[in-house]
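Each remark here refers to the structure printed beneath this line.
In this chain, residues are counted from 1 in sequence order.
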Amino acid sequence: MEGEAVKTALDLTMIAKALAIGIGSICPALAIGRIGAKAMESIGRNPEAAGKILAPMLLSAAFAEAIAIYALVVAFTIS
């Protein structure tokens, strides 16, 4: 009886970890895709501005990626 309760608690923990990393990585993935698409669209419209667009694009992608890293840390800390 007690073994089943422990197994159920472990299963719920694994589900919580999976949801944390799954939901936490979907939004940054969408954001990075949108950042890249808009940057390429902007460079296509104004090729001379490619140098000015690159640095803000990389910073934005890094900030979006940081959210996924936070989700990974949260998933690791769930016990």
Side-chain angles (χ1 to χ4, degrees):
M1 193 69 149
E2 185 177 312
E4 290 181 24
V6 171
K7 185 178 178 185
T8 302
L10 287 176
D11 289 343
L12 291 177
T13 301
M14 295 304 286
I15 290 171
K17 288 179 180 182
L19 286 175
I21 191 63
I23 294 171
S25 62
I26 287 174
C27 292
L30 293 173
I32 290 172
R34 188 168 172 94
I35 289 166
K38 290 298 180 180
M40 295 303 115
E41 182 181 323
S42 299
I43 291 172
R45 273 192 263 141
N46 190 5
E48 293 85 22
K52 292 180 180 177
I53 293 172
L54 182 65
M57 181 195 77
L58 290 177
L59 279 174
S60 300
F63 289 137
E65 192 69 34
I67 294 171
I69 293 170
Y70 292 147
L72 181 66
V73 170
V74 168
F76 281 140
T77 57
I78 293 174
S79 57

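Separating the CG atom in Leu12 from the CG atom in Leu19 is a distance of 10.5 Å, to the nearest 0.5 Å. For the atom pair Asn46 CG and Glu41 CD, the distance stands at 12.5 Å (nearest 0.5 Å). Here the SG-CD1 distance, from Cys27 to Ile32, works out to 11.5 Å after rounding to the nearest 0.5 Å. Atom CG in Leu58 sits 10.0 Å away from atom CD1 in Ile35 (nearest 0.5 Å).
Scored by the salt bridge (Lys or Arg N to Asp or Glu O under 4.0 Å) test, Glu65 finds no partners at all (sequence neighbours excluded).
Residues Leu54 and Ile43 share a single hydrophobic cluster, defined by chaining ILVMFWY side chains whose heavy atoms lie under 4.5 Å apart. Met14 and Ile21 fall into different hydrophobic clusters, defined by Ile, Leu, Val, Met, Phe, Trp and Tyr side-chain heavy atoms under 4.5 Å apart, directly or through other members.
Contact detail for Met57 and Ala39: the closest heavy-atom pair is SD-CB, 3.2 Å. The heavy-atom pair separating Thr13 from Ser79 by the smallest distance is CG2-C, 4.0 Å. Taking all atoms of both residues into account, the shortest heavy-atom contact from Ile78 to Ala20 is CD1-CB, 4.1 Å. Minimum heavy-atom separation, Ala31 to Ala64: CB-CB, 4.1 Å. Among all heavy-atom pairs drawn from Pro28 and Ala68, the shortest one is CG-N, 3.7 Å. The minimum heavy-atom distance between Ser42 and Ile53, with the atom names listed, is CB-CD1, 3.5 Å.
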